[in-house]
Structures are given as C-alpha cells and as structure tokens.
There are 2 protein chains.
Amino acid sequence: MTARKENSTYTLNEKFITDCDLTYAANKIGGRWKIVILDKLGDRKLRFSELKKEFPYISERMLTLQLRALEQDELVKRTVYAEVPPRVEYELTPIALEFLPIFCQLSAWGKKNKALKKSGS
Amino acid sequence: MTARKENSTYTLNEKFITDCDLTYAANKIGGRWKIVILDKLGDRKLRFSELKKEFPYISERMLTLQLRALEQDELVKRTVYAEVPPRVEYELTPIALEFLPIFCQLSAWGKKNKALKKSGS
DNA sequence: GTCATTACTTACAAATTTGTTTGTACCATA
DNA sequence: TATGGTACAAACAAATTTGTAAGTAATGAC
C-alpha cells in the first residue's frame, strides 16, 4: 500500500499468511474497523456521514481509509451522486455478503463468552 | 498489557470495539498469528517447537507472545512437563474449539475468492 | 569441562496502524 | 460577503504490533 518492502522476515511472514486461505480471508476483514463497517452495511447501504455516526469516535481519516481498502478488495461498492452537498453511498458487494453469516457466528461466540466471563471470574 | 492508556480517542474506540459482541470475538483472534495458531492446534496438541516449524519465519518471541495471549484469553491450555530438555504442550480449550467451524467457513471464503481473483483479473 | 537441546526472556529497533489537525471544493442561503 | 454542509485529502504524530539479537536454566552426552 505504501513504499514497497524488501525481503524481510516481516514480508516473508506476510506472504505465508496471505497464501493460506484462512488467513487470506481473515486479513480482508482485519484491523479495528473493517468488520464492524461491513456488519453495519449488512443491514442497508449507508452514506459516509451515517457510517460516521455509527462509530462515535472514529476519525474521518480512519473511516475513509477503511472504506477505501474495502472498496479495493471489492467488499464494498461506492456510489457518488453528483449533487450539491456531495452524497456518497456505500453498500456491500456479493462477496462481502457471504461474510455476514460468519459475523453472526462470531457475534454469538462473543455474546456467549462475554457472559461466561461475567459469571465465571 | 503495557503501561495503561488514558482516555484518548484510541481508548474510547477500543472500548467501543470490545463492547460489541462481534468485534469482541474478532479481537480475540486478531493479529497476524492467532488464527493460524488456533487452526493448527485444532488438529492436535503441539509442542512449542512443533508450532514453530509450522511457521517457517515466525520469531520465537512472537510465538511466545501469541501463545501467552491465547492462554490469557483461555483459548489454549499450556502444559509443562518437568523433563530434562523442557517440554511444553499447547492445546485448544473448549471455547476455542467453537471457533473451528468459523475458521472453516473463512477458509472456504478465502479459497473461493482467491480463485475468483485469478480468473477475474 | 564443553556443547547441545528446549522453551523461553530481555532489551532494542523497525514497521504498521491509528489518530489529530488543518484545509479543500462545491453551491446554497443569510 | 460570510457561513454551512458533505466527503473527503495531506502532513504530521502517537500508539501498537512485529521482528532482531543475544542470553538463560537445567541436564545429559561427549
């Protein structure tokens, strides 16, 4: 994404990680924001400003960066309307839709295990 | 994990992210290594050195760090045998086992979409 | 007595990710 | 003429993650 990296261990590991189907997929939705963004867009298409409201403290920069990356990976589709105050809508692509059931299961795991933590400790 | 952070946006966002069931779960397996480690341990318990061999370029430090974090989150169980050259075995806990079907689906997504990329572009 | 083995630890450094601040273009409205 | 709303971009800075290199403890083999 930025300046190219050499043949460091960092890069070799990265290659290893993206060669594997599992981590290839995981990387597409890795980081702090991508999963939640995709999940929100799973309900309906949203404008930039609507997304921003969903995450009270996200910086505009972060939101743009994540959306750009998701667009690049063809997980979201970006539509610009040539209107006076600009309007841009984001929605999931078909391949991103396939993540939604996985998110459901992850979410169920999270819910269950957060509950265990509370009663357990 | 290190020195405590203040009430920065970074932290507020972190809180937001770990409050959500979905991202709470995602964070448990986030980063470069956790998912693959868990996946490998899904087949059978492994020693430290065996795990290391699975990932040709991982540093021992990284492997220990990840294993410690997974142990902390009760996703792996660590067993030390008081033998002469030390022996330590790692295995999944019941709650980690529940991730395995999710990994399968992720992996399937990865496989499918890597194939699409090749034929598409 | 020296070396090898295993599973680490420590101090350090590089790379990446995330956040802050300021600014832009467009037109409408006051 | 000044201000406001939308969806960003650019330069900079902080925080976290990942990697490097060297060292440790115990013990048995040579």
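Naming convention: chains lettered A, B, ... in sequence-line order (proteins, then strands); numbering from 1 in each chain. Everything numeric in this text was worked out from a predicted model, so none of it was measured.
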Please report the distance, rounded to the nearest Å, between [atom1] in [X] and [atom2] in [N].
X	N	atom1	atom2	result
A/Ile17	C/dT16	CD1	P	15 Å
A/Leu63	C/dT18	CG	P	13 Å
A/Arg87	C/dC26	CZ	C1'	16 Å
B/Phe55	D/dT18	CZ	P	13 Å
A/Lys15	C/dA15	NZ	P	15 Å
A/Glu89	D/dC8	CD	P	12 Å
B/Glu71	C/dA7	CD	P	15 Å
A/Leu67	D/dA7	CG	P	11 Å

Practice item. Taking the side chain as every heavy atom from C-beta outward, state whether A/Lys40 and A/Leu46 have any pair of such atoms under 4.5 Å apart. Key: yes
**Study point:** Minimum side-chain heavy-atom gap A/Leu70-A/Ile37 below 4.5 Å
**Key:** yes
List for me each residue that meets side-chain contact (heavy atoms from CB on, under 4.5 Å) alongside [X], sequence neighbours excluded, and say none if there are none.
X	result
B/Glu91	B/Lys45, B/Lys77, B/Thr79
A/Ser49	A/Arg47
B/Arg78	B/Arg68, B/Glu71, B/Val80, B/Val88, B/Tyr90

Exercise for review: Assign a letter to each nucleotide of nucleotides 19-30 of chain D from its 5' end: B, base within under 4.0 Å of a protein heavy atom; S, sugar-phosphate only; -, no contact.
Suggested key: BB------S---
Review point. Do any pairs count as a ring-ring contact (aromatic ring centres under 6.0 Å, His included) and have a residue in residues 49-71 of chain A, sequence neighbours left out, and if so which ones?
Key: A/Trp33-A/Phe55, A/Phe55-B/Phe16
Throw together a table of side-chain donor-acceptor distances under 3.5 angstrom for residues 95-111 of chain B, partners on residues two or more places apart or in other chains.
| unit_1 | atom_1 | unit_2 | atom_2 | d |
| --- | --- | --- | --- | --- |
| B/Glu98 | OE1 | A/Lys112 | NZ | 3.1 |
| B/Glu98 | OE2 | A/Lys112 | NZ | 3.0 |
| B/Gln105 | OE1 | A/Gln105 | NE2 | 3.1 |
| B/Gln105 | NE2 | A/Gln105 | OE1 | 3.1 |
| B/Trp109 | NE1 | A/Ile95 | O | 3.0 |
| B/Trp109 | NE1 | B/Asn113 | OD1 | 3.4 |

**Study point:** Listed partners of B/Arg61 passing salt bridge (charged side-chain N to carboxylate O under 4.0 Å, His left out), at least two apart
**Key:** none
Kindly list each side-chain donor-acceptor pair under 3.5 angstrom involving residues 21-30 of chain A, sequence neighbours excluded, with atom names and distances?
| unit_1 | atom_1 | unit_2 | atom_2 | d |
| --- | --- | --- | --- | --- |
| A/Asp21 | OD1 | B/Lys114 | NZ | 3.2 |
| A/Thr23 | OG1 | A/Ile17 | O | 2.3 |
| A/Lys28 | NZ | A/Asp73 | OD1 | 3.1 |

Exercise for review: Just call it for B/Tyr90: base, sugar-phosphate, or nothing, with non-hydrogen atoms closer than 4.0 Å on any strand.
Suggested key: sugar-phosphate
Review point. Among residues 39-52 of chain B, which contact DNA chain C at a heavy-atom distance under 4.0 Å?
Key: B/Arg47, B/Phe48, B/Ser49
